[in-house]
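Reckoned from all heavy atoms, side chains included, excluding hydrogens, waters and symmetry mates. Owing to the predicted nature of the structure, the values given are computational and were not obtained by experimental measurement.
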Amino acid sequence: MIVILKHNTKEEKRNQLIDWLKKQGVDVHVSQGEYQTVLGMIGDTSKIDKDLVASLEIVDSVKVVTDPFKCCNRKFHPEDTVIQVGDAKIGSGSFCMIAGPCSVENEEQIVGIAKAVKASGANMLRGGAFKPRTSPYDFQGLKATGLELLKIAKAETGLPIVTEVMGVNDLPLFEDVDVIQIGARNMQNFDLLREVGKLRKPILLKRGLANTVKELLMSAEYIMAGGNDQIILCERGIRTFDDYTRNTLDLAVVPVLHELTHLPVIVDPSHATGVAKLVRPMALAAAACGADGLIIEVHNDPMHALCDGAQSLLPEDYHKLARDVEQIREVIAK
């Protein structure tokens, strides 16, 4: 249930209503917009008299929300959420470019790529230290050593770090990571979602390989229910019957999510296609359909990359892509 207050409602009156609602056994989420205030009730609202609340002088309207996701629902929070990471912003018109290698391999590699993508306008550095791989014989990442190398790259460039955590036990190692990524395979690792919900730092939540939009939003709800509302949703392709590309990039999900939730939505065309030559057209399409950012894999030597070289762009190709994305965004802004 949500309660929309009338414009210019006095704070004292608003707080009295909030206190009364809490006494009815529900949590109240307050969304303060420029022109209206929305009170979102989470919990068992069956005992609350909707007509009584609607009759109050300060109340404009009362609506029942049937969607299972509450905190991340745009009805609860009409204004776009903007996530700030260092100097970068994501959401509500602020576009973010995240770039870097699939895996951190050594200091020279990660520092060199970090400098290159920053020169091309990237706002954040991605790089895998812990790598979930389908085969147990594939490179699994440098783990804690990889995190230390990412910190060196951050010190050299000033770029905030985005990297994936795979398990609850590893979270203490991520204290200095700016954005913690929950990968597609962990989207429904509910224990992990609960733990990152206790943190107060941005979480990049990737859609699972075969998960619905509702399931993605319910995973975000797990994190927000713990108190962490700094969530960036990421579309990275889903598994379908087609096997020409690594996955099928569902760009329709971008406007769908923007309608359903206030959280920012970015797109990963690298994992979605698995083919370097397809990254550029899909990145441009993502920018055109309203994505709030892109996360793209860049490697200085894709032929010898330890992980996902086939989908990685060379730094010079990323530079051109970044310029093309700027032009697309200028066009859609008109």
(request) Test Gln311 against Arg246 for side chain to side chain donor-acceptor pair (under 3.5 Å), laying out the working first. (result) CA-CA 10 Å; Gln311 65 195 36; Arg246 182 174 182 177; 2.6 Å; yes
Apply the test side chain to side chain contact (heavy atoms under 4.5 Å, CB included) to residues Val30 and Arg14: give CA-CA distance (whole Å), side-chain angles for both, the deciding distance (0.1 Å), then the verdict.
CA-CA 10 Å; Val30 182; Arg14 184 195 70 178; 4.2 Å; yes
Exercise for the section: Could you walk me through whether Met124 and Val85 pass the side chain to side chain contact (heavy atoms under 4.5 Å, CB included) test, one step at a time? Expected result: CA-CA 8 Å; Met124 300 186 210; Val85 185; 3.6 Å; yes
Could you walk me through whether Arg280 and Asp317 satisfy the salt bridge (charged side-chain N to carboxylate O under 4.0 Å, His left out) test, starting with their C-alpha distance in whole Å, then the side-chain angles of each, then the deciding distance to 0.1 Å, before giving a yes or no? CA-CA 9 Å; Arg280 178 182 175 274; Asp317 294 329; over 6 Å; no
Walk me through it: do Leu217 and Asn73 pass the test side chain to side chain contact (heavy atoms under 4.5 Å, CB included)? CA-CA 9 Å; Leu217 291 175; Asn73 199 312; over 6 Å; no
Asp178 and Leu159: CA distance, side-chain angles, deciding distance, side chain to side chain contact (heavy atoms under 4.5 Å, CB included) verdict: CA-CA 9 Å; Asp178 300 285; Leu159 289 177; over 6 Å; no
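Other residues, nucleotides and ligands contribute more than 12 heavy atoms inside 6.0 Å of the NZ atom of Lys75. A 6.0 Å sphere centred on CG of Asp19 holds more than 12 heavy atoms belonging to other residues, nucleotides or ligands. The neighbour count for Lys6 NZ, taken as heavy atoms of other residues, nucleotides or ligands under 6.0 Å away, is above 12. Residue Lys143 places its NZ atom among more than 12 non-hydrogen atoms of other residues, nucleotides or ligands, all under 6.0 Å distant. Within 6.0 Å of atom CG in Asp49, more than 12 heavy atoms from other residues, nucleotides or ligands are found, so the atom counts as buried in its surroundings. Environment of NZ in Lys277: sparse, with no more than 12 heavy atoms of neighbouring residues, nucleotides or ligands closer than 6.0 Å. Annotation for Lys63: atom NZ does not count as buried by contact number, only 12 or fewer foreign heavy atoms lying within 6.0 Å.
Here the side chains of Leu313 and Ile296 are in contact, with some heavy-atom distance below 4.5 Å. Side-chain contact between Met1 and Val62 is present, with at least one heavy-atom pair separated by less than 4.5 Å. Side-chain contact between Val28 and Leu17 is absent, with no heavy-atom pair separated by less than 4.5 Å. Within the 4.5 Å cutoff, no side-chain heavy atoms of Cys234 are placed close to those of Arg207. Inter-residue side-chain proximity for Thr81 and Asp229 is flagged as unmet; no heavy-atom pair is nearer than 4.5 Å. The closest side-chain heavy-atom distance from Val325 to Phe95 is below 4.5 Å. With contacts defined as side-chain heavy-atom distances shorter than 4.5 Å, the pair His271/Glu297 qualifies. With contacts defined as side-chain heavy-atom distances shorter than 4.5 Å, the pair Ile113/Gln109 qualifies.
Proximity of a side-chain donor or acceptor of Asp170 to a complementary backbone N or O of Val165 within less than 3.5 Å is not detected. Judged by distance alone, with hydrogens and angles left aside, the side-chain atoms of Thr157 form a donor-acceptor pair with the main-chain N or O of Ala153 at under 3.5 Å. In this structure, the side chain of Gln84 engages the main chain of Gly86 through a donor-acceptor pair within 3.5 Å. A donor-acceptor pair under 3.5 Å is formed between the side chain of Arg126 and the backbone N or O of Pro101. Remark: the backbone N or O of Phe139 is paired with a side-chain donor or acceptor of Arg133 at under 3.5 angstrom. Judged by distance alone, with hydrogens and angles left aside, the side-chain atoms of Asn123 form a donor-acceptor pair with the main-chain N or O of Met97 at under 3.5 Å. Side-chain atoms of Gln327 never come within 3.5 Å of backbone atoms of Asp324 as a donor-acceptor pair (strictly under, hydrogens ignored). A donor-acceptor distance shorter than 3.5 angstrom exists from the side chain of Glu105 to the backbone of Leu306, with no hydrogens or angles considered. In this structure a side-chain-to-backbone donor-acceptor pair under 3.5 Å is missing from Glu107 to Leu150. Listed for the Lys50 side chain is no donor-acceptor partner under 3.5 Å among the backbone atoms of Thr45.
In terms of heavy atoms, Gln140 sits closest to Ser135 at NE2-O, 3.3 Å. Heavy-atom minimum distance, Pro269 versus Ile295: CD-O, 3.6 Å. Across all their heavy atoms, Asn300 and Leu314 have their closest contact at O-CD2, 3.8 Å. Minimum heavy-atom separation, Leu263 to Ala220: CD1-CB, 4.1 Å. For the residue pair Cys307 and Lys131, the shortest heavy atom distance occurs at SG-CE, 3.9 Å. Here the closest non-hydrogen pair linking Ile83 and Pro264 is CG1-CG, 3.7 Å.
Grouping the Ile, Leu, Val, Met, Phe, Trp and Tyr side chains by contacts below 4.5 angstrom, directly or via other members, places Met282 apart from Ile238. Hydrophobic cluster membership differs between Trp20 and Val38, with clusters built from Ile, Leu, Val, Met, Phe, Trp and Tyr side chains linked at under 4.5 angstrom. Cluster membership for Phe76 and Val53, using ILVMFWY side-chain heavy atoms within less than 4.5 angstrom, is not shared. Linking ILVMFWY residues whenever their side-chain heavy atoms come closer than 4.5 Å, directly or via other members, leaves Ile266 and Leu260 in distinct clusters. Under the 4.5 Å side-chain heavy-atom criterion for Ile, Leu, Val, Met, Phe, Trp and Tyr, Val298 and Ile98 are members of distinct hydrophobic clusters.
We find that Glu221 and Lys70 are not joined by a salt bridge, their nearest charged nitrogen and carboxylate oxygen being 4.0 Å or further apart. The residues Asp268 and Lys206 are annotated as salt-bridged, a charged nitrogen and a carboxylate oxygen being separated by less than 4.0 angstrom. The residues Glu326 and Arg323 are annotated as salt-bridged, a charged nitrogen and a carboxylate oxygen being separated by less than 4.0 angstrom. Using a 4.0 Å cut-off between charged nitrogen and carboxylate oxygen, Arg74 and Glu79 do not count as a salt-bridge pair. A salt bridge does not link Lys22 with Asp27: none of the charged nitrogens is closer than 4.0 Å to a carboxylate oxygen.
Side chain to side chain, His258 and Asp292 meet the donor-acceptor criterion of an N or O pair below 3.5 Å. Checked by atom type, the side-chain pair Ser312/His299 shows no donor-acceptor distance below 3.5 Å. A side-chain N or O of Asp44 and one of Ser46 form a donor-acceptor pair less than 3.5 Å apart. Side-chain contact of Arg200 with Gln230: a donor-acceptor pair under 3.5 Å is absent, judged by distance alone. If you check the side chains of Asn211 and Gln188, you find a donor sitting under 3.5 Å from an acceptor.
Ring geometry for His77 against His29 counts as tilted: the plane angle lies between 30° and 60°, on a 0 to 90° scale.
For Phe130 and Phe174, the ring centers sit closer than 6.0 Å to each other.
Between the NZ atom in Lys115 and the NZ atom in Lys118 there is a gap of 10.5 Å [rounded to 0.5 Å]. Here the straight-line distance linking atom CD1 of Ile58 with atom CG of Asp60 works out to 11.0 Å at 0.5 Å rounding. Note that CG of Leu209 is 11.5 Å distant from OG1 of Thr248, once rounded to the nearest 0.5 Å.
Applying the under-4.5 Å side-chain rule to Ile, Leu, Val, Met, Phe, Trp and Tyr, the cluster around Val82 consists of that residue alone.
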